[in-house]
S.K.: 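Got a structure here, written out as structure tokens. Questions coming.
Side chains included, hydrogens not; waters and symmetry mates left out as well; all remaining heavy atoms used. This structure is a prediction, so every number in the text was calculated from the model and none was measured. Lettering of chains follows the sequences in order, A, B, ..., and the numbering in each one begins at 1.
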There are 2 protein chains.
Amino acid sequence: MKIETVAHQYHLTTPTLRYYEQEGLLGPVRRINGIRDYQPADLERLDFIVCVKRCGMTLHQIKHFVDIYQQDPATLPERLEILQNQLQVSREKQAQLADSIDHLQDKITDVKALQTTENSVLS
Amino acid sequence: MKIETVAHQYHLTTPTLRYYEQEGLLGPVRRINGIRDYQPADLERLDFIVCVKRCGMTLHQIKHFVDIYQQDPATLPERLEILQNQLQVSREKQAQLADSIDHLQDKITDVKALQTTENSVLS
DNA sequence: CCTTGACTTCAAGTATACTTGAAGTGCTAA
DNA sequence: TTAGCACTTCAAGTATACTTGAAGTCAAGG
């Protein structure tokens, strides 16, 4: 699969994909002419990248993970620890976000009340 | 209330508070000697800043909001629109985060399964 | 054949949000 | 009174994540 197709499917830009590659997060094979050819395994990894990035992992941390992902068996405990750690962090984020959304709703209610007051003053 | 106290209470640093002020998000009164004195109204605004920042609003957007907040009544519809817009964005973020957390949990299950396989191979 | 458009590399630029450093002022407690 | 700490300003530096620009290659269609 070509870079443009991948970019489109993942709602990314082609420079972003090249940037991720430059940072060591991806490494699609190349055709003879140098053109990137994304394989299913690359897309699977991209799924993971998009997922953990949304959870708040930095590209640097993601790189470390994909690095140890290669050397398989010995790194399983570390991989588990990283993922569990990230899960905890993400859950905290989730709780904070839920809280902030509540506050935002309260604020909206306040503004709506103010608007009503405004209208009654004008009438 | 002094800057250090505020920073401590909001889990921010004093340079961050000064930076927010520089960006026009806050404007605590000063004592004669120039020292910032945060009033309850400033803390309320800081509550709001922390809240919408967690929802994903940029400092730039926050500044715009606090700017129109001053000139009160005419800006009520715009304020409402901004808040409602942000609420929608935040809810999308929330949904994506929930989704990513699910994937993360699946990944953890996978790694745990791999570890068990590893163990059974070794035994 | 030659233009068009997607691909390539590499370097430099941008946006956001802080952080750090230098240099100085002023209250407080030994 | 003097040491020390928190306060001040202003400028410059850092981290993260891209984005943009320049210059060039290559395959397909008119």
Side-chain angles (χ1 to χ4, degrees), chain A residues 1-39 42-43 45-46 48-67 82 86 89-90 93 96-97 100, chain B residues 1-39 42 45-46 48-67 86 89-90 93 96-97 100:
Chain A
M1 200 181 255
K2 280 181 155 190
I3 194 164
E4 179 110 328
T5 319
V6 176
H8 207 254
Q9 231 173 64
Y10 284 80
H11 306 289
L12 300 169
T13 66
T14 54
T16 300
L17 282 170
R18 289 194 198 98
Y19 172 69
Y20 283 179
E21 186 172 338
Q22 181 188 304
E23 297 303 302
L25 271 60
L26 285 168
V29 293
R30 304 300 185 96
R31 301 189 195 160
I32 316 106
N33 53 18
I35 286 174
R36 290 166 178 83
D37 193 357
Y38 291 82
Q39 303 291 322
D42 296 312
L43 301 183
R45 187 184 289 189
L46 197 46
F48 176 75
I49 291 170
V50 169
C51 166
V52 293
K53 208 174 162 298
R54 276 210 275 252
C55 285
M57 219 186 250
T58 65
L59 298 188
H60 192 81
Q61 291 172 314
I62 298 172
K63 182 183 160 33
H64 176 66
F65 191 89
V66 306
D67 279 351
I82 290 172
Q86 190 56 44
V89 170
S90 305
K93 262 181 84 106
Q96 284 190 334
L97 183 58
S100 292
Chain B
M1 199 181 255
K2 281 181 155 191
I3 194 164
E4 178 109 331
T5 318
V6 176
H8 207 255
Q9 231 174 64
Y10 283 81
H11 305 290
L12 300 169
T13 67
T14 53
T16 300
L17 283 171
R18 288 194 199 97
Y19 171 70
Y20 284 179
E21 185 172 340
Q22 181 188 304
E23 296 304 302
L25 272 61
L26 287 168
V29 294
R30 304 299 186 98
R31 301 189 194 162
I32 316 108
N33 53 19
I35 286 174
R36 290 166 178 84
D37 194 358
Y38 291 82
Q39 302 292 320
D42 296 312
R45 186 183 288 189
L46 197 46
F48 175 74
I49 292 170
V50 169
C51 166
V52 294
K53 208 174 162 298
R54 276 211 276 251
C55 286
M57 220 186 250
T58 65
L59 298 188
H60 192 80
Q61 291 172 315
I62 298 172
K63 181 181 162 32
H64 176 66
F65 191 88
V66 305
D67 280 352
Q86 189 57 44
V89 170
S90 304
K93 262 181 85 108
Q96 284 189 335
L97 183 57
S100 292

S.K.: Quickly work out the A/Leu59 CG to D/dA15 C1' distance and round it to whole Å.
M.R.: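 After rounding, the gap between these two atoms is 12 Å.
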S.K.: Measure all distances between protein nitrogen or oxygen atoms and nitrogen or oxygen atoms of nucleotides 7-13 of chain C, and list the pairs falling under 3.5 Å.
M.R.:
from  : atom 1 : to      : atom 2 : distance (Å)
C/dC7 : OP1    : A/Glu4  : N      : 3.3
C/dC7 : OP2    : A/Glu4  : OE1    : 3.1
C/dT8 : OP1    : A/Arg36 : N      : 2.9
C/dT8 : OP1    : A/Arg36 : NH1    : 2.8
C/dT8 : OP2    : A/Arg18 : NE     : 3.0
C/dT8 : OP2    : A/Arg18 : NH2    : 2.9
C/dT8 : OP2    : A/Arg36 : NH1    : 3.3
C/dT8 : O5'    : A/Arg36 : NH1    : 3.2
C/dT9 : OP1    : A/Arg30 : NH1    : 3.2
C/dT9 : OP1    : A/Arg30 : NH2    : 3.1
C/dT9 : OP2    : A/Arg36 : NH1    : 3.1
C/dT9 : OP2    : A/Arg36 : NH2    : 2.7

S.K.: Using a heavy-atom distance cut-off of less than 4.0 Å, which residues of residues 50-58 of chain A contact DNA chain D?
M.R.: A/Lys53, A/Thr58
S.K.: Let me know the distance between CD1 of B/Ile32 and P of D/dC7, rounded to the nearest Å.
M.R.: 17 Å
S.K.: Quick one: side-chain contact (heavy atoms from CB on, under 4.5 Å) partners of B/Ser100, sequence neighbours excluded?
M.R.: A/Cys51, A/Arg54, A/Cys55
S.K.: Applying side-chain hydrogen bond (donor to acceptor under 3.5 Å, both in side chains), can you list everything that pairs with B/Thr13, at least two apart in sequence or on another chain?
M.R.: B/Thr16
S.K.: Pairs in or reaching into residues 2-15 of chain B: which pass salt bridge (Lys or Arg N to Asp or Glu O under 4.0 Å), with residues at least two apart or in two chains?
M.R.: none
S.K.: CZ of B/Arg45 to OH of B/Tyr20: how many Å apart, nearest 0.5 Å?
M.R.: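 Spacing of CZ (B/Arg45) from OH (B/Tyr20) equals 14.0 Å.
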S.K.: Report the distance from atom CG of A/Asp37 to atom CZ of A/Arg31, rounding to the nearest 0.5 Å.
M.R.: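 Here the interatomic distance stands at 4.5 Å.
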S.K.: Name all residues meeting the side-chain contact (heavy atoms from CB on, under 4.5 Å) criterion together with A/His64; count only those two or more places apart in sequence or in a different chain, and write none if there are none.
M.R.: A/Ile68, A/Glu78, A/Ile82
S.K.: Expressed in angstrom and rounded to an integer, what is the separation of A/His11 atom NE2 from D/dC18 atom C1'?
M.R.: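 Atom NE2 in A/His11 sits about 18 Å away from atom C1' in D/dC18.
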S.K.: Distance check needed: C/dA6 P versus A/His8 NE2, whole Å only.
M.R.: 12 Å
S.K.: Report the distance from atom CD of A/Glu23 to atom C1' of D/dT16, rounded to the nearest whole Å.
M.R.: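 So the CD-C1' distance, A/Glu23 to D/dT16, works out to 10 Å.
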S.K.: Test of understanding: with side-chain hydrogen bond (donor to acceptor under 3.5 Å, both in side chains), list the residues that count as partners of A/Asp67, not counting sequence neighbours.
M.R.: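 By the side-chain hydrogen bond (donor to acceptor under 3.5 Å, both in side chains) rule, A/Asp67 matches A/Lys63.
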S.K.: Measure from CD1 on B/Ile49 to C1' on C/dC18 and round the result to the nearest Å.
M.R.: 15 Å
S.K.: Rounding to an integer number of Å, can you tell me how far B/Gln61 CD sits from C/dT16 P?
M.R.: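 So the CD-P distance, B/Gln61 to C/dT16, works out to 9 Å.
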S.K.: A/Arg31 has an atom CZ; how far is it from atom C1' of C/dA6, in whole Å?
M.R.: 11 Å
S.K.: Could you work out which one of C/dT19, D/dC18, D/dT19 sits closest to the side chain of A/Thr13?
M.R.: D/dT19
S.K.: In chain order, what residues pass the side-chain contact (heavy atoms from CB on, under 4.5 Å) check against A/Glu21, with sequence neighbours excluded?
M.R.: A/Pro28, A/Arg30, A/Arg36, A/Tyr38
S.K.: Below the 4.0 Å mark, does D/dC18 have OP1 or OP2 next to a side-chain nitrogen or oxygen of A/Tyr20?
M.R.: yes
S.K.: Could you work out, with side-chain contact (heavy atoms from CB on, under 4.5 Å) as the rule, every residue matching B/Glu23, not counting sequence neighbours?
M.R.: B/Tyr19, B/Leu25
